[in-house]
Protein chains: 2
Amino acid sequence: MATIYDVAKAAKVSPKTVSRVLNGDAPVGKKTRDAVNAAITALGYVPSNAARMMRSNKSGLVGLITGAISDTIEPAQPAGLPELLLVRGIQQTIGLTGKTLMIADSGNRSERVPDLIKTFLEHRVEGLIYVAPYHQNVRLPPVPDDTPIVLTNCFDEIGTPAVIPDDRRGQHDLVARLIAAGHQRIAYLTLREDIVATGLRRNGYREALGEAGIAYDPALVQCGEIGSPETETQVLWTAIDRMLNLSQPPTVFCCGNDRQALKVYGILRSRGLAVPDDISVAGYDNYRVIAETLYPPLTTVELPYTAMGVRAAQRLLELFSGEGRNDAGTDVVGGPVYWRQSVTERRPPNVSQLKLVRED
Amino acid sequence: MATIYDVAKAAKVSPKTVSRVLNGDAPVGKKTRDAVNAAITALGYVPSNAARMMRSNKSGLVGLITGAISDTIEPAQPAGLPELLLVRGIQQTIGLTGKTLMIADSGNRSERVPDLIKTFLEHRVEGLIYVAPYHQNVRLPPVPDDTPIVLTNCFDEIGTPAVIPDDRRGQHDLVARLIAAGHQRIAYLTLREDIVATGLRRNGYREALGEAGIAYDPALVQCGEIGSPETETQVLWTAIDRMLNLSQPPTVFCCGNDRQALKVYGILRSRGLAVPDDISVAGYDNYRVIAETLYPPLTTVELPYTAMGVRAAQRLLELFSGEGRNDAGTDVVGGPVYWRQSVTERRPPNVSQLKLVRED
DNA sequence: TCCACCTATGACATCGGTGTCATGACATCG
DNA sequence: CGATGTCATGACACCGATGTCATAGGTGGA
């Protein structure tokens with residue numbers, strides 16, 4: 001690989017002059033500049049980042065640690081790739097600044113993380129972003145103070161800057177929309193009890209019911225994800241069966257995610273129920289491959305992965321420039337409800353609401 | 001950030017001795033070694049890759065260019081993330097060698113690719129891998145001869161080493177299995193006519209029919225992806241309708257991908273047909289979130305993304321070590337058929353085959 | 001006309017590691 | 001006992017950029 005000395009020799013100038021042409025940080029005579037550029041092209045010269053970095057002590061690198069690229073053996077998400085939208089958001093935002101994103105994959109094996117961090121530190125990354133595959137509490141190994149870090153889709157208990165989804169509000173907004181559409185008996189099939197999102201979303205569900213003056217009925221809330229993935233369909237079937245046999249059965253099923261909603265479509269249809277004519281279904285995530293492709297398309301809430309990625313990258317950039325907020329707090333990012341054809345508007349109980357529906 | 005000189009001073013040795021401790025490339029007395037290690041820990045010293053790289057001229061970096069992380073506005077794949085499995089396979093394989101993978105995202109905007117390549121060259125990557133979002137013909141900007149490059153999920157016309165999926169064989173194997181299960185009237189809903197996979201897979205389809213002595217009936221092959229994504233459902237509905245109204249209607253629908261199969265499930269059920277009791281469905285890709293979650297689970301062929309990623313990385317490593325084959329040819333990677341509950345075994349026409357089914 | 005000043009350019013040191021070679025202290029062997 | 005070899009360590013140069021400072025040549029104002 002040609003060096004700046006080769007170029008200098010070919011152009012019959014000093015290396016420093018070549019450097020000036022490259023960086024434009026000092027005036028260079030036109031004739032000289034042309035000669036240098038010609039030599040650069042002729043030799044196919046590309047400056048070495050390593051040498052530049054040594055001198056300037058600026059790597060222009062941002063490190064991203066994720067398990068998203070590797071397989072998650074998570075019962076909840078056998079192929080949970082959508083969190084890669086997070087990476088997309090981060091990439092977009094970091095790319096705009098001219099910095100380069102280095103991505104390392106932990107394979108969700110936390111014991112590998114320290115090694116990845118070490119590699120990044122060897123490359124003198126200017127900052128780190130850690131992305132979790134789903135909303136969770138984490139504890140990262142220590143990182144030197146002068147390397148800022150932002151957690152994404154996760155948080156810790158020592159106040160590291162973090163960006164997480166607004167699970168409470170997402171579920172709240174969805175349920176509020178269902179109520180506005182005339183639904184009163186709203187079933188909720190939750191994800192596993194031990195994940196962070198489940199509790200937050202149930203809060204949002206209860207809150208929305210409370211605001212509408214609808215009593216919370218525990219019989220309408222069941223976990224749809226107990227035990228191993230193999231038994232999942234059976235668990236769902238049982239839960240749905242139990243709720244449909246209530247004296248006041250639900251008119252809509254809210255699912256823990258779009259994948260679960262996909263299963264629920266199949267189960268309901270096997271029971272001879274048409275979606276949405278006989279019963280409505282809503283999901284969570286706005287996992288587009290499912291939500292848009294399902295027939296009929298699925299009403300759901302967006303888990304705002306891309307927006308979270310953008311936000312995380314912005315926070316890191318703020319930390320670089322020292323604008324970083326001192327509170328070192330957690331950003332909560334909400335996502336919109338996507339209203340599609342899997343939920344019917346139910347005939348509302350009084351005339352004023354009927355009018356509303358007509359306008360809609 | 002502490003340097004090797006700081007460590008040397010703290011441990012009262014020369015920088016070179018610290019280097020020896022770090023790399024273990026020459027014997028160091030135990031007492032000295034302990035002192036050096038203590039100093040390293042005390043100072044939180046992490047060696048600078050840039051400095052190391054300058055001297056050794058080995059970056060330990062591999063560059064990966066992909067559009068997979070960014071949004072593809074492809075009618076065929078509104079959220080086609082599964083090709084990220086490719087990245088996973090590459091990451092795994094490269095990681096084993098101790099090299100670091102740098103990932104850059106072209107956002108599928110080919111005009112950005114030269115810039116990304118330049119950035120990688122500045123970092124002195126030892127090799128490049130280009131990943132396309134779907135099987136296609138590409139033309140990359142030139143790369144210096146001393147930087148090996150491997151194309152993945154794509155190929156070019158100048159013989160660059162490439163790894164592509166075996167679309168022909170995949171479809172062939174699936175159709176052969178369907179025939180073995182007793183199906184004779186096999187409908188095929190294809191992807192867009194202009195993509196590489198469509199032609200290859202149709203060849204596989206015809207080949208399998210031919211081997212079984214079944215005549216090819218053009219009425220059973222229809223494109224399921226014409227026009228814009230919005231009209232896709234309508235197009236599918238029409239194509240399915242036409243085929244079901246044939247005097248000899250199909251007993252199974254082969255779909256261009258699992259997403260299409262998901263739509264087909266909905267359409268068939270809307271027509272009152274149960275899958276698989278009334279009609280069978282098969283997909284392509286083994287996009288697990290869909291194939292495993294659908295009810296009933298979907299019979300499909302794996303598009304072997306992970307295996308292709310592994311293979312691509314291996315080929316690059318071979319090029320590093322000079323073992324690279326001179327033919328600079330294209331590797332074709334096949335994937336297995338996943339037989340799930342969306343296809344029924346049909347009563348075979350004679351007794352000997354009936355026996356076979358019983359054993360199964 | 002001479003000095004001050006600006007422009008264009010080059011010499012040299014430096015960043016943080018590592019390769020090469022030299023050196024001093026012992027151990028081994030004839 | 002001296003020659004030879006091995007071990008542990010250090011001095012120094014070098015990788016390829018760029019920051020600092022110096023300098024040659026030209027220009028303008030007093």
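Just so you know, these numbers use all the heavy atoms, side chains as well, and skip hydrogens, waters and symmetry mates. Every chain is numbered from 1 and lettered A, B, ... according to where its sequence line falls, protein lines coming before strand lines.
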Student: Which part of the nucleic acid, if any, lies within contact of A:Asn49, taking any heavy atom under 4.0 Å across all strands shown: a base, the sugar-phosphate backbone alone, or nothing?
Tutor: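 Counting heavy atoms under 4.0 Å across all strands, no contact is made by A:Asn49.
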Student: Between A:Glu122 (CD) and C:dG16 (C1'), how many Å, whole number?
Tutor: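 For the pair A:Glu122 CD and C:dG16 C1', the rounded distance is 13 Å.
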Student: Give a yes/no answer on whether the side chain of B:Ser19 brings an N or O atom under 4.0 Å of OP1 or OP2 in C:dG17.
Tutor: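 The answer is no; no side-chain N or O of B:Ser19 sits under 4.0 Å from OP1 or OP2.
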Student: Under 3.5 Å, is there an N or O donor on one side and an acceptor on the other linking the side chain of B:Arg124 and the base of D:dG16?
Tutor: no
Student: Considering only C:dT9, D:dA17, C:dG17, which nucleotide approaches the side chain of B:Ala51 most closely?
Tutor: C:dG17
Student: Taking pairing as Watson-Crick or G-U wobble with both contacts under 3.5 Å, can you name the mate of D:dG16, or confirm there isn't one?
Tutor: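 Base-paired to C:dC15.
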Student: Write down the distance between NZ (B:Lys58) and C1' (C:dG16), rounded to a whole number of angstrom.
Tutor: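 Value for this atom pair: 20 Å.
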Student: For a 4.5 angstrom cut-off between non-hydrogen side-chain atoms, does B:Phe120 reach B:Thr147?
Tutor: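 B:Phe120 vs B:Thr147: side chains apart.
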Student: With a 4.0 Å cutoff (strictly under), does any side-chain N or O of A:Thr32 reach OP1 or OP2 of C:dT9?
Tutor: yes
Student: Base, sugar-phosphate, or nothing for B:Val18, non-hydrogen atoms under 4.0 angstrom?
Tutor: nothing
Student: Which sits closer to the 5' end of DNA chain D, A:Met1 or B:Lys30, going by the nucleotide each is nearest to?
Tutor: B:Lys30
Student: Checking base pairs now: Watson-Crick or wobble, both atom distances under 3.5 Å. What partners D:dA22?
Tutor: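 Paired with D:dA22, as far as the under-3.5 Å criterion goes, is C:dT9.
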Student: Nearest whole Å is fine: how far is C:dG10 P from A:Ile4 CD1?
Tutor: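 Interatomic distance, CD1 of A:Ile4 to P of C:dG10: 12 Å.
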Student: In whole Å, I'd like the distance from the CZ atom of A:Arg52 to the C1' atom of C:dT14.
Tutor: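 Roughly 17 Å, once rounded to whole Å.
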Student: Please state how far atom CG in A:Asp34 lies from atom P in C:dT9, giving the value in whole angstrom units.
Tutor: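 For the pair A:Asp34 CG and C:dT9 P, the rounded distance is 11 Å.
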Student: Looking at B:Ser48, does any N or O in its side chain come under 4.0 Å of the phosphate oxygens OP1/OP2 on C:dG17?
Tutor: no
Student: Checking A:Gln314 against A:Arg311: is there a side-chain donor and acceptor pair closer than 3.5 Å?
Tutor: yes
Student: Does C:dG30 have a Watson-Crick or wobble mate here (both distances under 3.5 Å), and if so which one?
Tutor: D:dC1
Student: Want to settle it: does B:Ala50 or B:Arg20 sit nearer the 5' end of DNA chain C, counting the closest nucleotide to each?
Tutor: B:Ala50
Student: Please report, rounded to the nearest Å, how far the P atom of C:dT18 is from the OH atom of B:Tyr5.
Tutor: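 The answer, rounded to whole Å, is 10 Å.
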Student: The side chain of A:Tyr45 is closest to which nucleotide in this list: D:dA17, C:dG19, C:dA8?
Tutor: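 Closest of the options to the side chain of A:Tyr45: D:dA17.
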Student: For the pair made of CG in A:Asn57 and P in D:dG16, what is the distance, rounded to whole Å?
Tutor: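 After rounding, the gap between these two atoms is 20 Å.
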Student: Is any side-chain heavy atom of A:Phe320 closer than 4.5 Å to one of A:Val62?
Tutor: yes
Student: Remember a base hit wins even if backbone is also touched, and classify B:Asn23 as base, sugar-phosphate or nothing at under 4.0 Å, heavy atoms.
Tutor: sugar-phosphate
Student: Is any side-chain heavy atom of A:Arg124 closer than 4.5 Å to a side-chain heavy atom of B:Ser48?
Tutor: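 Answer yes - side chains close enough.
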Student: Rounded to whole Å, please give me the gap between CG in B:Asp6 and P in C:dC15.
Tutor: 11 Å
Student: Please determine whether a side-chain nitrogen or oxygen atom of A:Ser56 lies at a distance below 4.0 Å from atom OP1 or OP2 of D:dT18.
Tutor: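 No, no such contact exists.
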Student: Heavy-atom distance under 4.5 Å between the side chains of B:Asn153 and B:Leu86, does that happen here?
Tutor: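 Counting from C-beta outward, B:Asn153 and B:Leu86 do come under 4.5 Å.
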Student: Under 3.5 Å, is there an N or O donor on one side and an acceptor on the other linking the side chain of B:Arg55 and the base of D:dG16?
Tutor: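 It does not, because no donor-acceptor pair links the side chain of B:Arg55 to the base of D:dG16 below 3.5 Å.
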Student: Less than 3.5 Å between a donor and an acceptor, one on the side chain of B:Lys16 and one on the base of C:dG19, is that the case here?
Tutor: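 Looking at the base of C:dG19, it does pair with a donor or acceptor on the side chain of B:Lys16 (distance under 3.5 Å).
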Student: Check whether any side-chain heavy atom of A:Val13 lies under 4.5 Å from a side-chain heavy atom of A:Val18, and answer yes or no.
Tutor: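 Side chain of A:Val13 against side chain of A:Val18, heavy atoms only: contact under 4.5 Å found.
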Student: Both B:Met54 and B:Arg33 contact DNA chain D. Which one's nearest nucleotide lies toward the 5' end?
Tutor: B:Arg33
